[in-house]
Asker: 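Starting off with a structure, shown below.
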Amino acid sequence: MSQEETSAPGNFIRDAIEEDLRNGRFTEVHTRFPPEPNGYLHIGHAKALTIDFGMAETFGGKCNLRFDDTNPVKEDVEFVDAIKEDIHWLGFDWDDREYYASDYFGQLYEFAVRLIKKGRAYVDDLSADQIREYRGTLTEPGKDSPWRNRSVEENLALFERMKKGEFPEGACVLRAKIDMASPNINMRDPVMYRIIHNPLHHRTGSTWCIYPMYDFAHGQSDSIEGITHSLCDLAYEDHRPLYEWFIKELEIFPTRQIEFARLNLTYTILSKRYLKQLVDHGHVRGWDDPRMPTLCGMRRRGFSASAVRNFITQIGVAKNENLIDIALLEFLVREDLNKTALRVMGVLNPVKVVITNYPEGQTEFLEAVNNPEDPSAGTRPVEFSRELFIDQDDFREEPPPKYFRLAPGKEVRLRYGYIIKCVDYIKDPHTGEVTEIHCTYDPETRGGYAPDGRKVQGTIHWVSAGSAIDAEIRMYDRLFSVPDPNKPEEGKTYLDYLNPDSLTVLQHCKLEAGLENAKPGTRYQFERKGFFTVDLDSTPAKPVFNLTVPLRDSWAKIESGQKAGK
RNA sequence: UGGGGGAUCGUCCAACGGCAGGACACAUGGCUCUGAACCAUGGUAUCGGGGUUCGAAUCCCUGUCCCCCAGCCA
């Protein structure tokens, strides 16, 4: 935790836990974070895991990490290590309490046998389609399976044979015998176990060919671990009666399940399935593409863990459906990096400036502040010479009103440099592009000061052409062009809203010398432009930076206002 | 015409019968060698209708709207 984190206001889960402690329902708090190892963690998981680990922390309890690995068809070890890395990155730890639902397969099997013996579970030979038909609909009750009343002995024998692998996939399942007419569909004899011969489980291999369903694994695992509070998505609210039914019938530790609303973020999607599609179909470069809302993507983009943590505490916890403005996340990233990132000058779209009255071949070093928010960051020398690069956007042939930057006949301050005046410029006759700007400098203004007290409104960034390094800069924008791609219009899908300009790669950007050796993950502020982070692909020979988040640009607002006003 | 859940500024969250508050966003102004940061100011909210009460976002009744559930996924 690099800095003070904004403290979270109370929420209904904290209230509920306090009440449980007060009235003696529980004497301690023990939670768990239960990811399924079938994909990478995203910002939505960050919310869940912050609640899980955070609640334990605020009540002096523990939080287990438990992989919910009950479906070998979807899961893989590939994801286990990545998930652990992401949790650690956020700053949470589970000590030695790393568990797997698959650790409990033996115990779960015993639980199932217990229910069969109680006459509360049976083996059903109906096909998946038939089970669906028999289940009824939202408004009509279901009907009993013809296999519902097999004897305990027969069920025991059949379940044993399922376990031994005597049946093909789909031949039968184990079901809880509850109530096919329940208004809650989850109580209509839910499937507890199904047969899966292939693929083999990533941890238990060929030991099992029957696997428990979520409803017969998650809650039971909670009980086995002595979890007091099982905090989960609103989607499981309907499952709570079933969760509690199993606890009662099995007479096991009575964990309390409490549900909260999942996070939704504007201009992105937080569905593992959709995220996987973006990766598989090549819409992004991978799970850690900096445009992805995955934790590894955000990390690569340059978002700091403390900014993400602050974000989670700021959005709060409630049961309302929500759609958080991504501007809040961006604000918190800026807030954090503003305090910590070293400042540097980088020219994204270079145009050459020649200081005509500056001696050819001469160079000098000027002192630049590394971080005005942090005096201890010190200063650095930056090279100045006759030929410089500035950003194309900082020069206009015909400056609009209130334009404070360089234009014919106008003065501007080079940050930490000199005040210069544009005396001429050269245009490519074919493209009309300005290729070179000629200026004179005022030697009396070294360091950017105006000893005569004259007002120079604009200050722009620059780099010395002789020493500047070339870099690739990847400019990122929102992945989707609409606030809520989850709610497509008729006939469209979220893919129809992908922002075609979410990535713009800039080559031959000019940066201050020295930056070629910056290590991947290092964050800088390119003055007046934004925060940039050295990408994983970066090498000294070919430096690569990611735009983490741009600086606020009030000039852009003024200018667009001017255009709109016409 | 089943069951479960939810409605408070544009967006999130708070207020737990006692002055509806905070953050982001937006707007305006200040400051400025980053048009950044920072500072100041401003506008906008209790879903509707009844009731209880000295007093209701909060309690009761009623209506409306929104979300979730019919995987051998989690």
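Here the structure is a predicted model, which is why all the values come from computation and not from measurement. Order of the sequence lines fixes the chain letters, A, B, ..., with proteins taken first and strands second; residue numbering starts at 1 for each chain.
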Asker: Just checking A/Phe384 against A/Phe365, ring centres under 6.0 Å apart?
Answerer: no
Asker: Are A/Phe531 and A/Tyr524 an aromatic pair by the rule of ring centers under 6.0 Å?
Answerer: no
Asker: Check whether any side-chain N or O of A/Arg14 sits under 4.0 Å from OP1 or OP2 of B/C13, and answer yes or no.
Answerer: no
Asker: Does A/Asp233 reach a base, just sugar-phosphate, or nothing at all? Heavy atoms under 4.0 Å.
Answerer: nothing
Asker: What heavy-atom pair brings A/Gly302 and A/Thr548 nearest, and what distance separates the two atoms?
Answerer: C-CG2, 3.5 Å
Asker: What does A/Tyr416 touch in the nucleic acid at a heavy-atom separation under 4.0 angstrom: a base, only the sugar-phosphate, or nothing?
Answerer: base
Asker: Give me the atom names and distance for the closest heavy-atom approach of A/Thr255 to A/Ile227.
Answerer: OG1-O, 2.7 Å
Asker: For a quick check of understanding: with a heavy-atom distance under 4.0 Å over all strands, which category does A/His239 fall into, base, sugar-phosphate or nothing?
Answerer: base
Asker: Going by number, which of residues 184-197 of chain A have a non-hydrogen atom under 4.0 Å from RNA chain B?
Answerer: A/Ile185, A/Val191, A/Arg194
Asker: Tell me the interatomic distance from A/Leu234, atom CG, to B/C68, atom P, rounded to whole angstroms.
Answerer: 11 Å
Asker: Is the charged tip of A/Arg203 near the ring of A/Tyr100: under 6.0 Å from the six-membered ring centre and within 45° of its axis?
Answerer: yes
Asker: Scan A/Arg135 against the nucleic acid and name what it touches under 4.0 Å (heavy atoms): base, sugar-phosphate only, or nothing.
Answerer: sugar-phosphate
Asker: Taking only residues two or more places apart in sequence or in another chain, which ones pass salt bridge (Lys or Arg N to Asp or Glu O under 4.0 Å) with A/Arg240?
Answerer: A/Glu259
Asker: Please work out if A/Leu126 contacts a base, only the sugar-phosphate, or nothing of the nucleic acid, heavy-atom cut-off 4.0 Å.
Answerer: base
Asker: According to side-chain hydrogen bond (donor to acceptor under 3.5 Å, both in side chains), who are the partners of A/Ser221, at least two apart in sequence or on a separate chain?
Answerer: none
Asker: Can you confirm whether or not the ring centre of A/Phe545 sits under 6.0 Å from the ring centre of A/Phe532?
Answerer: no
Asker: Measure CD/A/Gln525 against P/B/A36 and give the value in whole Å, please.
Answerer: 12 Å
Asker: Kindly express the pairing pattern of RNA chain B in dot-bracket notation, using | wherever a base pairs with another strand and counting only Watson-Crick or G-U pairs under 3.5 Å.
Answerer: .((((((..((((....[..)))).(((((.......)))))....(((((..]....))))))))))).....
Asker: Is B/G10 in the syn or the anti form, by the rule that syn lies within 90° of 0?
Answerer: anti
Asker: Check whether any side-chain N or O of A/Lys557 sits under 4.0 Å from OP1 or OP2 of B/C26, and answer yes or no.
Answerer: yes
Asker: Sort me out a list of protein N/O and nucleotides 37-46 of chain B N/O pairs below 3.5 Å, or just none if empty.
Answerer:
from	atom 1	to	atom 2	distance (Å)
B/A37	OP1	A/Arg552	NH1	2.4
B/A37	O2'	A/Asn338	ND2	2.8
B/A37	O2'	A/Glu373	OE2	3.4

Asker: Compare the minimum distances between each of B/U34, B/G35, B/A23 and the side chain of A/Leu328, then state the nucleotide with the smallest one.
Answerer: B/A23
Asker: May I ask you to say what A/Val369 touches in the nucleic acid, namely base, sugar-phosphate or nothing, with a heavy-atom cut-off under 4.0 Å?
Answerer: nothing
Asker: Given B/G35, B/A74, B/G3, identify the nucleotide with an atom nearest to the side chain of A/Pro183.
Answerer: B/G3
Asker: Of the options B/A74, B/C69, B/U34, whose atoms approach the side-chain atoms of A/Tyr214 most closely?
Answerer: B/A74
Asker: Under 6.0 Å between ring centres: does that hold for A/Tyr99 and A/Phe67?
Answerer: no
Asker: Determine the interplanar angle of the A/Tyr211 and A/His201 rings, folded into 0 to 90°, and report it as parallel if under 30°, tilted if 30 to 60°, perpendicular if over 60°.
Answerer: parallel
Asker: Which atoms of nucleotides 9-12 of chain B (N or O only) lie under 3.5 Å from a protein N or O atom, and what are those distances?
Answerer:
from	atom 1	to	atom 2	distance (Å)
B/U11	O2'	A/Leu323	O	3.0
B/C12	OP1	A/Leu323	N	3.2
B/C12	O2'	A/Ile315	O	2.8

Asker: Expressed in angstrom and rounded to an integer, what is the separation of A/Tyr122 atom OH from B/C72 atom P?
Answerer: 12 Å
Asker: What nucleic acid atoms does A/Glu237 come within less than 4.0 Å of, heavy atoms only: base, sugar-phosphate, or nothing?
Answerer: sugar-phosphate
Asker: Tell me whether the centres of the aromatic rings in A/Tyr267 and A/Phe480 are closer together than 6.0 Å.
Answerer: no
Asker: Hey, does the Lys NZ or Arg CZ of A/Lys319 hover above the aromatic six-ring of A/Phe260, less than 6.0 Å from the centre and inside 45° of the axis?
Answerer: no
Asker: Is the phosphate of B/A36 approached by A/Ser554 (side-chain N or O, under 4.0 Å from OP1 or OP2)?
Answerer: yes
Asker: Is the A/Phe105 ring parallel, tilted or perpendicular to the A/Trp208 ring (thresholds 30°, 60°)?
Answerer: perpendicular
Asker: Once you measure the plane-to-plane angle for A/His239 and A/Tyr214, does it fall in the parallel (<30°), tilted (30-60°) or perpendicular (>60°) bin?
Answerer: perpendicular
Asker: For the aromatic rings, using the six-membered ring if either is Trp, is the centroid distance between A/Tyr193 and A/Phe159 under 6.0 Å?
Answerer: yes
Asker: What is the distance, to the nearest angstrom, from the CZ atom on A/Phe12 to the C1' atom on B/A15?
Answerer: 17 Å
Asker: For A/Thr70 and B/A74, is the shortest distance between a side-chain N/O and OP1 or OP2 below 4.0 Å?
Answerer: yes
Asker: Among the nucleotides B/G71, B/A74, B/G6, which one has an atom lying closest to any side-chain atom of A/Glu36?
Answerer: B/A74
